[in-house]
Amino acid sequence: MSRRPVKVKTACLILAAGKGTRMYSAQTKVLHTLLGVPMAAYAVERARDLGASPIVAVLGHQIDDVASMLEKRFGPGCVTVVNQKEQKGTGHAVRLGLKPLAGFGGMVVILYGDVPLLRTETLMALVKKAAQSGSLAMLTSVVPDPTGYGRMVRDGRGKIREVVEHKDATHEQRDIAEINAGIYAAPAEFLRLATSKLSVRNAQGEYYLTDIVARAASSIGVVSVDVPVEEVSGVNDREQLVAAEKILCRRIVDGHGKHATFRAPDDVVVEASVTIDPDAEIGRNVVLRGKTHVAAFARIDDGVILSDTVVGKGAHVLPYCVASQATIGENSKIGPFAHLRPGTELGPDVHVGNFVETKKTRLGRGSKANHLTYLGDTIVGEKVNVGAGTITCNYNGYEKRQTIIEDGAFIGSDTQLVAPVRVGKRAVVAAGATIIEDVRDGALAISRVPCKQIDGYADRLAERYHSQKKASR
Ligand code: UD1
Ligand code: CA
């Protein structure tokens with residue numbers, strides 16, 4: 001599949017001023033996300049794939065929020081924003097959007113902000129057709145239920161004559177199954193002229209962009225590219241949002257699925273920014289987000305949720321682990337039920353077991369923290385054993401403080417390390433210790449109240465309660 005930008009000079013208009021009433025949301029429709037990416041960003045990504053410049057977004061509802069999202073994602077100046085205060089129709093939106101393109105003489109591609117399934121390859125075919133013919137090129141689709149869409153009206157020889165909106169269509173026209181997808185490519189010159197002549201004499205009292213089709217039919221000509229309806233379906237409500245998200249996800253999974261094993265390709269979430277190397281294996285209900293990378297031969301078991309996390313070669317993440325902004329070294333073994341929080345950096349051959357939480361913590365090669373442990377703001381050397389129930393007390397209510405455990409140290413179970421504190425090389429901390437001072441290399445640190453035993457206690461206790469019972473009867 002060729003992804004080279006189309007050669008003809010191309011600009012892009014993205015129509016996204018509508019509120020999206022059917023979302024029933026305080027947030028404007030195009031800010032709702034699919035796989036972590038706001039809907040409007042999909043259109044900008046397609047425009048960038050085309051190499052389009054400038055990219056103009058016609059915005060209205062929550063314009064400041066949408067504009068700042070676009071700037072954050074694509075950088076300042078990448079998208080030129082035009083304010084359509086009142087949504088007077090698609091034709092009006094394009095007329096406004098053409099204003100910043102005053103001197104532009106190339107091809108203009110018109111996209112919607114709510115059609116996230118559109119593929120770059122399809123747009124390239126559209127632009128190519130427009131460029132080769134010098135005509136207006138539009139995407140069309142034959143659908144089982146055309147209700148609501150503009151219908152493609154063709155003459156006896158199959159040439160496109162016009163588009164008639166559903167509300168303006170006659171009974172016969174409503175039987176037409178071929179619909180206008182609303183995505184066009186045309187010479188800027190033609191669009192400027194055609195949109196300057198639109199009227200609102202129609203059933204909705206709006207400036208219909210679709211009126212340019214009849215104008216093109218009698219001037220530069222109209223050509224169409226037929227596409228599967230799935231690709232051009234707009235997102236209008238939350239049901240369509242999640243359905244589109246599922247399709248997008250399946251495309252991503254299928255892309256990785258040739259070289260990595262997905263045990264349940266329909267029951268995972270993989271964002272587009274995730275990378276997965278050959279021979280990785282992904283289990284059921286796994287969620288991989290952001291800049292997560294799964295290296296070769298790594299195994300991600302069922303129910304694991306990773307955000308911006310790097311999993312090293314051959315590492316094994318057991319079921320139900322959650323990690324965010326963490327690095328897992330080669331051949332390490334994590335979980336089940338481990339929680340790796342931001343700033344966790346695990347070296348190779350590290351074991352982090354069940355109910356272990358780490359934050360801003362490094363573990364060196366071969367170190368282990370296998371059970372019920374919290375390590376925060378901690379640097380752990382190589383071949384350290386952190387016993388069950390070890391807790392770093394890193395927070396005094398005001399600031400976070402650091403714990404350092406050096407190579408080969410052994411931390412006995414149920415230890416509290418009160419930071420700031422250092423445990424030296426090969427030092428041994430006895431089980432149940434509360435460490436409030438640095439432990440010297442190779443030393444034993446033990447902090448225990450001596451154990452006292454009182455013989456016969458159990459019997460005396462039983463007797464006391466028995467006699468009380470008798471007395472109360
Ligand atoms: C439009 C087409 C219809 C086509 C359908 C495909 C027109 C008149 N009709 O209908 O032929 O079958 O798309 O989905 O063009 N927008 C603005 N400003 C406005 C109006 C709309 O920015 O003043 C934006 C919307 O936010 C949306 C897009 O344009 O992203 C399409 O608008 P919408 O109202 O959904 O068009 P339809 O009536 O569905
Ligand atoms: Ca629509």
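Counting starts at 1 for both ligands and their atoms, following the listed order. Only a predicted model underlies this, so the values are computations on that prediction, with no experimental measurement involved.
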Hey, does the Lys NZ or Arg CZ of R48 hover above the aromatic six-ring of F74, less than 6.0 Å from the centre and inside 45° of the axis? no
Provide the full list of side-chain hydrogen bond (donor to acceptor under 3.5 Å, both in side chains) pairs with a residue in residues 180-200, sequence neighbours left out, each pair given once. N180-Y184, E189-R192
Can you tell me if A16 has a non-hydrogen atom under 4.0 Å from ligand 1? yes
Of all the heavy atoms in T210, does at least one lie under 4.0 Å from an atom in ligand 1? yes
How does E165 reach ligand 1, by side chain, by backbone, by both or by neither, if only non-hydrogen atoms under 4.0 Å count? side chain
Per-atom contacts of ligand 1 with [X], taking only distances under 4.0 Å to non-hydrogen atoms:
{"X": "D114", "value": "30 (O)"}
{"X": "Y208", "value": "8 (C)"}
{"X": "G89", "value": "19 (C), 20 (C), 23 (O)"}
{"X": "K88", "value": "23 (O)"}
{"X": "T90", "value": "7 (C), 8 (C), 15 (O), 20 (C), 21 (C), 29 (O), 31 (C), 32 (O)"}
{"X": "G150", "value": "3 (C), 4 (C), 11 (O), 12 (O)"}

L193 backbone acceptor or donor facing R215 side chain under 3.5 Å: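 Not a single qualifying donor-acceptor pair exists.
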Test item: S332 side-chain N/O and V350 main-chain N/O as donor-acceptor pair under 3.5 Å: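 Such a contact is found between S332 side chain and V350 backbone.
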For H166, side chain to side chain donor-acceptor pair (under 3.5 Å) partners two or more places apart: R151
Would you mind checking if R365 and D349 are paired as a salt bridge, meaning a charged N to carboxylate O distance below 4.0 Å? yes
Nearest heavy atom to atom 25 (C) of ligand 1 wins, so pick from P146, G18, G20, A93. G18
